[in-house]
Amino acid sequence: MDQVPPPLRKIIHIDMDAFYASVEQRDDPALRDQPIAVGGGGPRGVVATASYEARTFGVKSAMPGARARRLCPGLIFVTPRFDAYRAASAHIREIFSRYTDIIQPLSLDEAYLDVTVNKSGIASATQVAEEIRHLIRTETGLTASAGVSYNKLIAKLASDQNKPDGVCVVRPSEGAAFIATMPVRRIHGIGPVTARRMHELGIETGADLRARDLRFLQAHFGSSADYYYRAARGEDDRPVREREGRKSVSVEDTFSDDLTDRAALLAEIERIAASLWTRIDKAQAWGRTIVLKVKFADFRIITRSRSFAVPVRSPDILVRVARELLLAQLPLRMGARLLGLGVHNLEAEEAADQGEQLALSL
Ligand code: DCP
Ligand code: MG
């Protein structure tokens, strides 16, 4: 049978600029042009995002509030107003829907759009992106950046290139060279754990990744090798809105000898949590419930879980909760043959709405 090559797709990735901070600056004129941080200014608070004025001081997302204040003494802390962010998010999604129904939100401020065939009849994806940015600006008073390319991998990297308020177009002939310059940790699906392993193997950039053959990647990264191999060449055929249907992500491990020793059990659960995080990050599947599973020597299974109001988006929280769930079971009444860890209650595609990240509530 003849293989007809699939038509080239036109994918846009839209990402709002300094999203929470921009909403705050829009709604309170006293905050305009000021260095602001949205998030907790208290002793245990974390910066969710900083205005561009604050970023020039080095203030960043996920930074402890105290450190942010040291870097930028005039920093103004603003308490998040999620209702306002959700409203802005709903508005931009409504703008997207004027152009296409193939929309995959990744969080409140970010989405992929497939505009290969689109409602406006505009052939140029770049022009569609510019119209969307224009509508966002005039209707919401906020700015967005866009990446325009032939797949999700490159569109997402591209939207970050000319931030804030910029567009970057990467054509099919430019994709491989574009990826070559990227640090691997910025490639979708390469989380912090994988990035560290690549670093240990001397793989820092897309070009380094491309220099390794498939056999080498398979030996080190198993079933993910194929994706990395293709990503290094600028190839990615994941469809927009692929996340439908997944219910949970989990990792478990059966031991050759039943484990009873506290230190050994904790070491195992940390290892399992790290490996689970790699999967979560790769699937971009954020869940609200963390579930520990223990199978005992007698094959009885217990599960213990903890749920949060918002999806867990931090590997540190995952590890900490995993340890706490396990510690609550120690000492075990008999050896464990298996430990498992999973996240459930995944953020549904439509409800990628839960932009409130757990980092904030700590
Ligand atoms: N966010 C959060 N905790 C983080 C990162 C982000 O709560 N660790 C929230 C606040 C951000 C929003 O999600 O405003 C969007 O995240 P982005 O990573 O897109 O960051 P920004 O939109 O703030 O900035 P940029 O202009 O770099 O996209
Ligand atoms: Mg953003």
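For the single chain, residues carry numbers from 1 onward in sequence order. Whatever order the structure lists them in is the order used to number ligands and atoms, beginning at 1.
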Ligand 1 contact on S61 by region, counting heavy-atom pairs under 4.0 Å: side chain

Y85 versus E24, side-chain donor and acceptor atoms under 3.5 Å: yes

The Mg ion (ligand 2) to D109: nearest N/O/S atom name: OD2

Return the option from Y52, F82, Y20 holding the heavy atom at the smallest distance from atom 12 (C) of ligand 1. Y20

Among the heavy atoms of K163, does any lie under 4.0 Å from an atom of ligand 1? yes

Assess, by modelled atom type and distance only, whether the side chains of D165 and T143 contain a donor and an acceptor separated by less than 3.5 Å. no

Does the cation-pi check pass for R55 over Y52, that is, NZ or CZ under 6.0 Å from the six-membered ring centre and within 45° of its axis? yes

Is there at least one pair of N or O atoms, one from A18 and one from ligand 1, spaced under 3.5 Å apart? yes

Are V193 and Y227 joined in one hydrophobic group, where the rule is that I, L, V, M, F, W and Y side chains link up if heavy atoms are under 4.5 Å apart? no

Using a 3.5 Å cut-off on N or O atoms only, is D15 in polar contact with ligand 1? yes

Verify whether one side chain among S314 and D316 offers a donor that lies under 3.5 Å from an acceptor in the other. no

Side chains of S145 and D15: donor-acceptor distance under 3.5 Å anywhere? no

May I ask you to list the atoms of ligand 1 that are less than 4.0 angstrom from any heavy atom of F19? 14 (O), 21 (P), 22 (O), 23 (O)

Just to be sure I read this right, does ligand 1 sit under 4.0 Å from the backbone of M16, its side chain, both, or neither, counting only heavy atoms? backbone

Between E131 and Y99, is any side-chain donor less than 3.5 angstrom from a side-chain acceptor? yes

For atom 11 (C) of ligand 1, tell me which residue out of D17, T49, D109 has the closest non-hydrogen atom. T49

Pick one of side chain, backbone, both or neither for how M63 approaches ligand 1, counting any non-hydrogen atom pair under 4.0 Å. neither

Check whether L338 and V249 end up in the same hydrophobic cluster, where Ile, Leu, Val, Met, Phe, Trp and Tyr are linked by side-chain heavy atoms less than 4.5 Å apart. no

The O(M16)-the Mg ion (ligand 2)-OD1(D15) angle, to 10°, is 80°

